[in-house]
Amino acid sequence: MAEKLNKKASIRTTGKLDRKVVSKTASKLDKKAASKTTQKKAVITTNNLDKAQIKKIFDVFDYNGNGILSLAEIDKAVIELYPHLAKDKPAIMRAYKAADTSKDGFIDFKEFGRLIDLLHYYNELFKIFNKLDIDNDRRIDFGEFKKGHKLIGINVVSNKELKAKFNEIDTNLGGYILFDEFCIYAAKIKLISDIPQDTQDTQNSQEEIPQDVQNKQEVQETQTKL
């Protein structure tokens, strides 16, 4: 009798374990299949996708399955699904911050479509930024700006005018144009025409310059005119 009970208990336990293993394996396979599908389609915008299709892509990003995406999950998914974006860390960070409209440090499903659009938008901007950033130190000095300013549609005659334009983009007056500053200017002049929805509002909020910096800019502008 005891032997029969032990056998039944063993069978039940084994059955439960088998089901758990099968469930986990199926879940992994589903994610792999979804990942392959996403890679084939190379989704760069969610505008033409329905909610179910977007959810499939979201689930690939959501590695721990908690319904929200951390920066680490986004970074990992970009490496796997969009390897051409993987090296553009400033673009990924910029997209993550801009998509996080709730400012809670995570991207939820409602914000996810915006994230995908912004990842590709900022990647395009980063390509242009890199062309100006000749020494690849992720900042543009005046010498580099002087050589490549026509790439962003700036046509001025004098060196003074060019320096004034450089100072306009270099909002923190640190002597270099950083990627964030470049993005603000790019949105302002609509450097890329197909700017994602709501990006302009995000840029405007980030474009607010502290009073002490505004004062410095006014002094520099006066000196330039003199």
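Computed from a prediction, not measured in an experiment: that's the story for all the values here. Quick note: numbers below take in every heavy atom, side chains included, and nothing from hydrogens, waters or symmetry partners.
- Annotation: the span from I152 atom CD1 to L191 atom CG amounts to 7.0 Å, rounded to 0.5 Å.
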Run the side chain to side chain contact (heavy atoms under 4.5 Å, CB included) check on K165 and E168 step by step: do they pass? CA-CA 5 Å; K165 205 69 182 174; E168 178 190 334; 3.3 Å; yes
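- For the atom pair I177 CD1 and I184 CD1, the distance stands at 11.5 Å (nearest 0.5 Å).
- Between K55 atom NZ and D50 atom CG the span is 13.0 Å, to the nearest 0.5 Å.
- Contact annotation: the side chain of I116 approaches that of Y82 to within less than 4.5 Å [non-hydrogen atoms, C-beta and beyond].
- A search for ring pair (Phe, Tyr, Trp, His ring centres under 6.0 Å) contacts involving F166 returns F142, F145, not counting sequence neighbours.
- Using modelled atom types, no side-chain atom of D117 and backbone atom of Y121 make a donor-acceptor pair closer than 3.5 Å.
- Counting only distance, with no hydrogens or angles, the side chain of E80 and the backbone of A77 share no donor-acceptor pair below 3.5 Å.
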Give the C-alpha distance, both sets of side-chain angles, the deciding distance and a yes or no for side chain to side chain contact (heavy atoms under 4.5 Å, CB included) between K56 and D59. CA-CA 5 Å; K56 282 183 180 179; D59 288 343; 5.7 Å; no
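- Of all heavy-atom pairs between E73 and Y63, the closest is OE2-N, 3.1 Å.
- Expressed to the nearest 0.5 Å, how far CZ of F58 lies from NZ of K51 amounts to 11.5 Å.
- Contact annotation: the side chain of E181 never approaches that of R139 to less than 4.5 Å [non-hydrogen atoms, C-beta and beyond].
- To the nearest 0.5 Å, the span separating CG on D141 from NZ on K146 amounts to 11.5 Å.
- Applying the salt bridge (Lys or Arg N to Asp or Glu O under 4.0 Å) test to residues at least two apart or on different chains, the pairs with a partner in residues 124-136 are E124-K127.
- Taking the side chain as every heavy atom from C-beta outward, L69 and Y96 never approach each other to under 4.5 Å.
- Checked for salt-bridge contact, K110 and D108 miss the test: no charged N lies under 4.0 Å from a carboxylate O.
- Take N130 and apply the side chain to side chain donor-acceptor pair (under 3.5 Å) test, not counting sequence neighbours, and it matches no residue.
- Here the straight-line distance linking atom CG of L178 with atom CG of D170 works out to 7.0 Å at 0.5 Å rounding.
- Side-chain contact check for R94 versus L118: every heavy-atom pair is 4.5 Å or farther apart.
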